[in-house]
There are 4 protein chains.
Amino acid sequence: MVRPRGEQAAWRREQLLDAALRMFAAKGVDGATVKDVAQAAGVTPGLLYRYFDSKEAMVETLLSERGFLPRLRELRERDHDDTRPATEVLIGLLEAFDRLLADNAELMAVFFSAAQARAPLAGLVDQGQRLIGDFLAERVAAGELRPHDTATAARTLFAAVAINRRLGTPIDVAALVGLLFPEQG
Amino acid sequence: MVRPRGEQAAWRREQLLDAALRMFAAKGVDGATVKDVAQAAGVTPGLLYRYFDSKEAMVETLLSERGFLPRLRELRERDHDDTRPATEVLIGLLEAFDRLLADNAELMAVFFSAAQARAPLAGLVDQGQRLIGDFLAERVAAGELRPHDTATAARTLFAAVAINRRLGTPIDVAALVGLLFPEQG
Amino acid sequence: MVRPRGEQAAWRREQLLDAALRMFAAKGVDGATVKDVAQAAGVTPGLLYRYFDSKEAMVETLLSERGFLPRLRELRERDHDDTRPATEVLIGLLEAFDRLLADNAELMAVFFSAAQARAPLAGLVDQGQRLIGDFLAERVAAGELRPHDTATAARTLFAAVAINRRLGTPIDVAALVGLLFPEQG
Amino acid sequence: MVRPRGEQAAWRREQLLDAALRMFAAKGVDGATVKDVAQAAGVTPGLLYRYFDSKEAMVETLLSERGFLPRLRELRERDHDDTRPATEVLIGLLEAFDRLLADNAELMAVFFSAAQARAPLAGLVDQGQRLIGDFLAERVAAGELRPHDTATAARTLFAAVAINRRLGTPIDVAALVGLLFPEQG
DNA sequence: GATGAATGAGACTTCATTCAT
DNA sequence: TATGAATGAAGTCTCATTCAT
């Protein structure tokens with residue numbers, strides 16, 4: 001297929017992905033029809049096929065191009081050599097992460113809805129946990145935090161933020177950190 | 001419609017639900033066809049409609065009749081007046097909970113797959129968190145555990161167990177509890 | 001796919017093939033829609049898919065199950081040890097062949113229309129030519145016919161009958177045979 | 001619609017017809033898309049519609065403008081008062097005809113593929129048979145060939161050449177003529 | 001109680017055609 | 001003249017659901 005090129009084409013492509021994201025999140029990947037997506041974008045269904053090979057391809061594009069990983073990496077780099085106290089940095093990190101999930105609630109929904117999308121979801125979780133775990137290990141190594149099972153701690157922190165955000169009942173990150181590192185408060 | 005009655009009918013009904021659960025978990029609610037379910041049960045599609053109004057009704061029945069709540073309630077009652085140390089009981093509780101999720105992996109999948117299943121899922125989480133939260137509060141009141149944000153702690157513990165079980169990477173419950181209550185070890 | 005079984009199912013299957021043959025012949029394989037075929041059979045399009053995997057499969061079934069080869073073989077066997085004069089038998093053979101094509105005009109049309117159906121068509125021609133060629137060779141060997149290029153003769157006789165039948169301008173078989181074997185008249 | 005004029009326009013028109021012929025022959029008239037044709041011509045689909053009303057119109061143009069008749073007429077005129085022996089001229093005539101079909105294999109394919117192309121095909125056959133029939137009649141009248149059913153002979157010769165060329169198994173024209181006119185060898 | 005042929009609605013997708021640029 | 005984004009109609013196929021047996 002010859003895909004449209006040029007500036008306007010790029011814009012249209014993004015617009016279609018936006019619409020797809022919205023509909024897939026709202027109705028589930030299977031529940032939303034190509035017609036739904038087209039209507040949401042204000043075009044006719046046929047047009048989608050000038051930009052994507054299939055509905056399935058739209059989902060994949062969404063998952064890969066709009067995945068969390070790029071933004072997760074940003075987070076990692078930004079907070080890398082922060083000199084503030086560990087708990088403060090950790091709170092910032094978790095809040096940023098929570099915000100990331102909040103901003104991408106629709107994408108989250110697609111992650112959960114996409115039929116065989118267990119892999120990308122696991123990848124997200126894995127990356128997030130590693131990000132936090134590495135940070136904890138650093139600060140333990142630096143003697144700032146008491147020695148502890150940093151891997152389990154990371155998984156726990158991550159899980160607490162993620163599942164509660166997903167359920168629309170965001171957790172108080174400061175309280176969460178205070179729970180695991182009371183001595184630091 | 002006249003629904004079948006009697007002993008054999010009840011058995012068949014359960015059999016159909018079993019098949020539905022299996023197929024819905026394996027292929028997603030939308031991905032599994034009525035024919036899939038019928039085949040899995042060794043009957044023909046038409047028969048399903050003598051036991052359920054629609055495919056949709058099968059999902060709802062699964063979600064309500066086979067929900068976690070009954071088994072959650074069992075957990076709550078069983079461990080109510082346990083006299084062992086708090087962390088020990090907590091570990092037992094979380095492990096039981098983890099097992100519950102493991103035993104019902106298929107049901108979990110349906111919970112996540114069914115578009116309209118957000119509410120029941122939230123209910124499960126809510127109940128689980130309350131169960132743990134109440135227990136923590138009890139033991140804080142009894143002076144056994146240090147005063148802390150028991151609600152947040154409950155949500156955290158629950159989340160850590162649930163999400164990791166869901167992802168097929170179960171967490172070490174003892175380590176988890178040790179993380180939140182190190183002084184108790 | 002579980003294909004219908006039983007007597008009525010077999011009947012329906014044939015009925016659908018009949019309808020398909022009719023429509024494919026009338027409008028061409030590409031020109032006739034599944035809906036056309038279904039309507040011609042007095043059913044809904046969906047039903048076709050209980051009996052055939054796809055439209056393409058219908059064409060293939062038509063070409064293989066309703067091919068000419070079985071009937072060609074009958075011809076061959078029937079006239080094998082005929083003791084009448086060669087030209088008389090030959091005329092009978094060609095007439096039978098002409099009738100075969102006439103009776104299956106629709107199938108012929110499908111043969112010509114089916115996208116990549118060059119192979120079956122070539123097969124038909126090949127068989128027909130061989131049938132005639134073998135007969136001629138026999139009678140030459142028996143000294144009844146003058147020695148000649150029997151292969152070319154067979155191809156010629158076959159072609160003359162076939163193409164003219166196809167074009168709706170059937171040829172006079174006796175005249176045709178008289179042309180090639182004037183001494184025998 | 002204003003059709004392009006001028007020299008370049010005429011050239012482009014031919015180029016588009018070339019591309020159409022190529023694609024229609026390769027994939028069948030229904031199988032080849034307008035986009036296929038445009039791509040084969042190195043232009044975009046929209047352009048076709050400045051030169052032709054529709055895809056259908058392209059087929060018709062191909063059938064009428066690129067028909068065999070003009071070249072058939074050439075043949076007729078060229079060999080009109082040939083003084084060579086009848087069989088020799090006949091062989092030349094059939095060979096020229098065979099070559100004509102070979103050169104236009106693609107056009108032949110379109111003739112067979114296009115649903116509505118029965119008429120032009122019949123016309124071709126008719127013209128070809130007449131051409132040969134007239135020649136035979138001439139030579140019979142001149143006393144050079146024995147009296148025979150020249151019409152049937154013409155149809156037979158024509159059919160033998162045409163069908164075998166179409167099937168990619170060209171016939172030996174000299175052998176063919178020798179078959180019908182052995183006394184002339 | 002159980003079957004499975006049949007339906008009807010709708011899903012995804014393709015493609016000839018148009019039209020603003 | 002030429003482009004190619006966009007449309008609308010239609011095509012193939014799937015599937016939840018019904019119903020005569």
Side-chain angles (χ1 to χ4, degrees), chain A residues 1-6 8-9 12-13 30-38 41-56 58, chain B residues 1-6 8-9 12 30-38 42-58, chain C residues 1-6 8-9 12 30-38 42-56 58, chain D residues 1-6 8-9 12 30-38 42-58:
Chain A
M1 196 202 318
V2 183
R3 287 271 163 44
R5 306 259 163 222
Q8 198 219 280
R12 169 63 30 116
R13 198 185 117 100
D30 287 312
T33 70
V34 168
K35 200 171 161 192
D36 285 334
V37 173
V43 299
T44 48
L47 188 59
L48 300 187
Y49 292 88
R50 277 189 64 76
Y51 293 86
F52 304 95
D53 280 338
S54 63
K55 180 184 176 183
E56 178 58 23
M58 296 197 80
Chain B
M1 192 208 320
V2 184
R3 284 267 159 52
R5 305 269 163 209
Q8 196 217 306
R12 166 116 308 168
D30 286 306
T33 69
V34 168
K35 202 166 155 194
D36 284 335
V37 173
V43 300
T44 50
L47 190 58
L48 298 187
Y49 290 85
R50 287 193 51 88
Y51 291 86
F52 303 94
D53 280 339
S54 63
K55 179 185 179 183
E56 177 58 24
M58 295 196 82
Chain C
M1 195 203 315
V2 182
R3 287 273 162 45
R5 306 259 162 222
Q8 198 219 279
R12 165 72 17 123
D30 287 312
T33 70
V34 168
K35 201 171 160 191
D36 285 335
V37 173
V43 300
T44 49
L47 187 59
L48 299 188
Y49 292 87
R50 277 188 64 76
Y51 292 85
F52 304 95
D53 280 337
S54 62
K55 180 186 176 181
E56 177 58 23
M58 295 196 81
Chain D
M1 191 207 321
V2 185
R3 284 265 160 55
R5 303 271 163 208
Q8 196 215 304
R12 166 117 307 168
D30 286 307
T33 69
V34 168
K35 203 168 156 193
D36 285 334
V37 173
V43 300
T44 51
L47 188 59
L48 299 186
Y49 289 86
R50 287 194 50 87
Y51 291 85
F52 303 95
D53 279 339
S54 64
K55 181 185 179 182
E56 177 58 24
M58 295 196 82

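Basis for what follows: all heavy atoms, side chains included, without hydrogens, waters or symmetry-related copies. Labels below follow one simple rule: chain letters A, B, ... track the order of the sequence lines, proteins then strands, and each chain is numbered from 1.
Considering only the side chain of C:Thr33, F:dG11 comes nearest among E:dG8, F:dG11, E:dA2. Listed nucleotides F:dA6, E:dG4, F:dT7 differ in distance to A:Val43; the shortest reach to its side chain belongs to F:dT7. Here the nucleotide nearest the side chain of C:Leu47, chosen from E:dT13, E:dA6, E:dT3, is E:dA6. Here F:dT12 is the nucleotide among F:dT17, E:dT3, F:dT12 with the atom lying nearest to any side-chain atom of C:Val34.
Atoms CG (B:Asp36) and C1' (F:dT14) sit 12 Å apart, rounded to a whole Å. Distance B:Arg50 CZ to F:dA16 C1': 18 Å, rounded to the nearest Å. Taking atom CZ of A:Arg13 as the reference point, atom C1' of F:dA6 lies 18 Å away to the nearest angstrom. Separating the CZ atom of C:Phe52 from the C1' atom of F:dT12 is a distance of 16 Å, rounded to the nearest angstrom. Taking atom NZ on A:Lys35 and atom P on E:dG10, their separation rounds to 8 Å, with Å as the unit. Rounded to an integer number of Å, the gap from CG of C:Asp30 to P of F:dA10 is 17 Å. Atom CE of D:Met58 is separated from atom P of E:dA16 by 11 Å (rounded to the nearest Å).
Residue A:Gln8 places at least one side-chain N or O under 4.0 Å from the OP1 or OP2 atom of F:dA6. Under 4.0 angstrom from either OP1 or OP2 of E:dA16 there lies at least one side-chain N or O belonging to D:Lys55. Phosphate contact (OP1/OP2 of E:dA6, side-chain N/O of C:Arg12, threshold under 4.0 Å): present. In this structure, D:Tyr49 does not reach the E:dT18 phosphate: none of its side-chain N or O atoms is under 4.0 Å from OP1 or OP2.
Where pairing requires Watson-Crick or G-U contacts shorter than 3.5 Å, the helical stems of DNA chain F with at least three consecutive pairs are E:2-21 with F:2-21.
Both C:Gly46 and A:Glu56 lie near DNA chain E, and the one whose nearest nucleotide falls closer to the 5' end is C:Gly46.
Taking each heavy atom of A:Lys55 and A:Ala32 in turn, the nearest pair found is NZ-O, 2.8 Å.
The shortest side-chain heavy-atom distance between B:Val43 and B:Arg12 falls under the 4.5 Å cut-off.
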